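Okay, so here's the structure we're looking at.
Note on naming: letters A, B, ... go to the chains in the order of the sequence lines (proteins, then strands), and numbering restarts at 1 for each one. All of these numbers come straight from a predicted model, not from anything done at the bench.
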Protein chains: 2
Amino acid sequence: MNKCDQCIVRQLSSLKALNKDEVIKLANSKTTYTIKKGEAIFEEGDVTNGVFCVKDGVGKLSKLSANGKDQIVKLVKSGELLGQRSMISNEPANLSAKAIADMEVCFIPKSEIIHFFNNNNQFSLNLMQSVCEDLKESENDKIALVQKTVKQRLAETLLHLHNEFGENEDKTLKVQLTREELAGIIGTATESCIRLLSDFNKLELIELVGKKIMLKNVKALKRMAE
Amino acid sequence: MNKCDQCIVRQLSSLKALNKDEVIKLANSKTTYTIKKGEAIFEEGDVTNGVFCVKDGVGKLSKLSANGKDQIVKLVKSGELLGQRSMISNEPANLSAKAIADMEVCFIPKSEIIHFFNNNNQFSLNLMQSVCEDLKESENDKIALVQKTVKQRLAETLLHLHNEFGENEDKTLKVQLTREELAGIIGTATESCIRLLSDFNKLELIELVGKKIMLKNVKALKRMAE
DNA sequence: CTATAACTATGACATTTATCATGTTATAAC
DNA sequence: GTTATAACATGATAAATGTCATAGTTATAG
């Protein structure tokens with residue numbers, strides 16, 4: 001039995017469609033990397049020529065703007081694939097991928113993925129559905145950015161982070177984002193984000209435990225989000 | 001020779017990968033519709049069970065918000081496929097599709113597409129790339145929404161419309177959008193959009209010919225957009 | 001051909017959000 | 001442990017954008 005077979009990525013991603021032989025092929029071609037918090041897996045413009053499996057940790061896909069702000073497009077966690085889009089489009093990465101918490105990732109060369117894509121219908125359908133899921137989410141985010149206020153988007157994002165990543169024993173959010181990163185997700189200035197967190201704190205919607213955030217009134221947050 | 005073979009959609013979309021037999025199969029299963037300006041092809045929540053080929057005309061994919069504003073996510077023109085995402089995801093439509101100019105579309109049932117997807121690697125790759133293209137565009141739009149001002153987005157959108165759809169003999173933009181629709185694309189209030197168009201007009205970046213818009217200083221618009 | 005509705009336009013004003021300034025607190029480096 | 005650095009926080013202010021009101025203009029139906 002080889003390592004890829006039991007891997008969380010294999011269980012959660014499009015790779016679940018692979019058969020035994022394919023998994024062996026996969027295990028033989030992959031390369032494993034450790035990425036420390038803050039480090040990049042790839043940068044905007046890099047030609048990656050493959051995809052990255054996220055075995056552990058949390059990463060962000062983001063784009064730096066002219067004025068130095070880092071807009072976060074998506075967070076990724078263990079079990080997900082990274083860099084599918086640019087690999088399929090045959091283009092350099094449109095976004096940078098960086099670790100928010102220490103990560104363990106495996107690189108799978110493009111040739112492998114294309115091989116699976118061409119020979120395994122279920123895999124190609126899975127991959128397709130995964131990109132479609134990203135597309136739907138991106139479109140909905142886009143609409144939320146325009147139609148909701150910063151306050152609504154912050155409430156929505158806090159709930160989303162809670163759902164996606166869960167909470168620690170002390171009930172604080174498990175993903176440890178800086179205020180700047182949080183601002184980068186909701187698309188606002190860092191100061192505005194901090195100010196609103198203070199407001200939410202005063203309203204007892206959340207509690208600020210140092211730099212950590214604890215959701216105190218989920219119902220009210222939900223009401224605020226829509 | 002059957003009709004689908006010469007169709008513009010067949011030439012431009014993922015369908016270009018189909019072989020002769022497949023095109024015949026396609027021609028036998030399709031249904032043609034005429035959609036008048038303003039009418040819907042499908043609405044948010046509809047289960048479409050197939051894709052629509054845009055043979056002629058212009059359509060918009062949009063989502064209505066709680067406050068009654070219609071956010072436009074994408075414009076589609078002849079040669080493109082519509083409803084790929086929700087068909088692949090097996091979900092009701094996330095967006096509404098409506099005609100902006102009279103349209104001619106063909107409906108292709110899901111069973112056909114899935115059949116092509118499973119039996120024609122080039123087709124599945126094409127389809128995949130098309131969704132990836134949409135994803136990239138959506139992500140970049142999302143970033144632009146946050147990082148650019150309304151003024152910049154208007155300039156950018158005018159240039160984009162010019163590139164995508166071209167101009168009439170009188171040099172005005174070929175796509176005839178209402179100010180409200182234009183506002184829905186850039187994500188702003190209709191009044192703000194009108195006001196900025198007036199400003200651009202005074203600055204001689206554009207000229208307002210009745211409801212039509214003519215680009216007068218493309219260079220300056222480009223400068224303004226970034 | 002008129003009347004009705006939809007679209008375009010603009011002013012006045014309110015609200016939201018960004019920016020700049022400054023101080024505090026936490027974290028990391030030595 | 002102390003110093004340096006990054007992260008958090010908050011006030012003051014400016015800028016951008018939305019909202020409401022109102023009016024002119026164009027298209028459409030009958």
Side-chain angles (χ1 to χ4, degrees), chain A residues 36-39 65-71 98 100-102 144-155 157-158 172-173 175-203 206-214 224, chain B residues 36-39 65-71 98 100-102 144-155 157-158 172-173 175-203 206-214 224:
Chain A
K36 288 249 166 279
K37 177 174 174 174
E39 288 177 2
S65 73
N67 59 51
K69 270 184 198 162
D70 200 39
Q71 170 68 15
K98 287 177 193 139
I100 279 181
D102 292 358
L145 273 178
V146 172
Q147 297 185 337
K148 296 189 175 181
T149 64
V150 173
K151 194 187 286 186
Q152 289 178 304
R153 269 143 51 202
L154 175 58
T157 300
L158 290 174
T172 58
L173 289 182
V175 252
Q176 182 72 6
L177 298 169
T178 64
R179 306 292 193 253
E180 191 177 359
E181 284 168 333
L182 189 54
I185 293 176
I186 65 181
T188 190
T190 307
E191 296 95 321
S192 300
C193 176
I194 289 174
R195 218 181 298 274
L196 284 173
L197 284 174
S198 286
D199 293 351
F200 282 15
N201 192 17
K202 276 168 202 149
L203 292 169
I206 63 173
E207 190 178 325
L208 298 176
V209 185
K211 297 185 175 182
K212 293 181 185 170
I213 298 168
M214 177 183 143
M224 176 169 273
Chain B
K36 288 247 165 282
K37 178 177 175 171
E39 289 177 1
S65 72
N67 60 51
K69 269 184 199 161
D70 201 38
Q71 169 69 14
K98 288 178 192 138
I100 277 181
D102 293 357
L145 273 177
V146 172
Q147 299 186 335
K148 295 189 175 181
T149 65
V150 173
K151 195 185 286 184
Q152 290 177 305
R153 269 142 53 202
L154 176 57
T157 300
L158 290 174
T172 58
L173 289 182
V175 254
Q176 181 72 7
L177 298 169
T178 65
R179 305 291 193 252
E180 191 178 359
E181 284 167 333
L182 190 53
I185 294 176
I186 65 181
T188 190
T190 307
E191 295 95 324
S192 299
C193 176
I194 290 175
R195 217 182 298 274
L196 285 174
L197 284 174
S198 285
D199 293 350
F200 282 14
N201 191 19
K202 275 166 204 151
L203 292 170
I206 62 172
E207 190 176 327
L208 298 176
V209 186
K211 297 184 176 183
K212 292 181 187 169
I213 298 168
M214 176 184 146
M224 175 168 275

| Residues which pass side chain to side chain contact (heavy atoms under 4.5 Å, CB included) with B:Val146, listed by chain and number, not counting sequence neighbours | A:Gln71, A:Leu145

Calculate the interatomic distance between [X] atom [atom1] and [N] atom [atom2]; express it in whole Å.
X        : N      : atom1 : atom2 : value
A:Gln152 : D:dG18 : CD    : P     : 14 Å
A:Leu182 : D:dC8  : CG    : P     : 10 Å
A:Ile206 : D:dC8  : CD1   : P     : 13 Å
B:Glu181 : C:dA6  : CD    : P     : 14 Å
B:Leu154 : D:dG18 : CG    : P     : 12 Å
B:Met224 : D:dA16 : CE    : P     : 11 Å
A:Gln176 : D:dC8  : CD    : P     : 8 Å
B:Ile194 : C:dA6  : CD1   : C1'   : 12 Å

| request: Would you indicate, yes or no, if C:dT10 has its OP1 or OP2 atom less than 4.0 angstrom from a side-chain nitrogen or oxygen of B:Ser198? | output: yes

| task | Could you check A:Leu182 against A:Leu197 for side chain to side chain contact (heavy atoms under 4.5 Å, CB included), going step by step and ending with a plain yes or no? | result | CA-CA 10 Å; A:Leu182 189 54; A:Leu197 284 174; 4.0 Å; yes

Let me confirm one number: the [atom1]-[atom2] distance from [X] to [Y], rounded to the nearest 0.5 Å.
X        : Y        : atom1 : atom2 : result
A:Leu173 : A:Lys211 : CG    : NZ    : 16.0 Å
B:Thr188 : B:Leu154 : OG1   : CG    : 9.0 Å
B:Leu158 : B:Ile213 : CG    : CD1   : 5.5 Å

| remark: Closest to the side chain of B:Glu180, out of C:dC7, C:dA9, D:dC8, is C:dC7

| task | Please list all pairs passing the salt bridge (charged side-chain N to carboxylate O under 4.0 Å, His left out) test where one or both residues lie in residues 175-197 of chain A, with sequence neighbours left out. | result | A:Lys60-A:Glu181

| request: Do nucleotides 15-30 of chain C as a string where each nucleotide becomes B, S or -: B if the base has a protein heavy atom under 4.0 Å, S if just the sugar-phosphate does, - if no protein is that close. | output: --SBBB-----SS---

| request: Have a look at B:Leu208 and say if it touches a base, only the backbone sugar-phosphate, or nothing, with a 4.0 Å heavy-atom cut-off. | output: sugar-phosphate

| note | The answer to which of A:Val146 and A:Lys202 contacts DNA chain D further toward the 5' end, by nearest nucleotide, is A:Lys202

| Counting only N and O atoms by type, is there a donor-acceptor contact under 3.5 Å from the side chain of B:Arg153 to the main-chain atoms of B:Ala144? | no

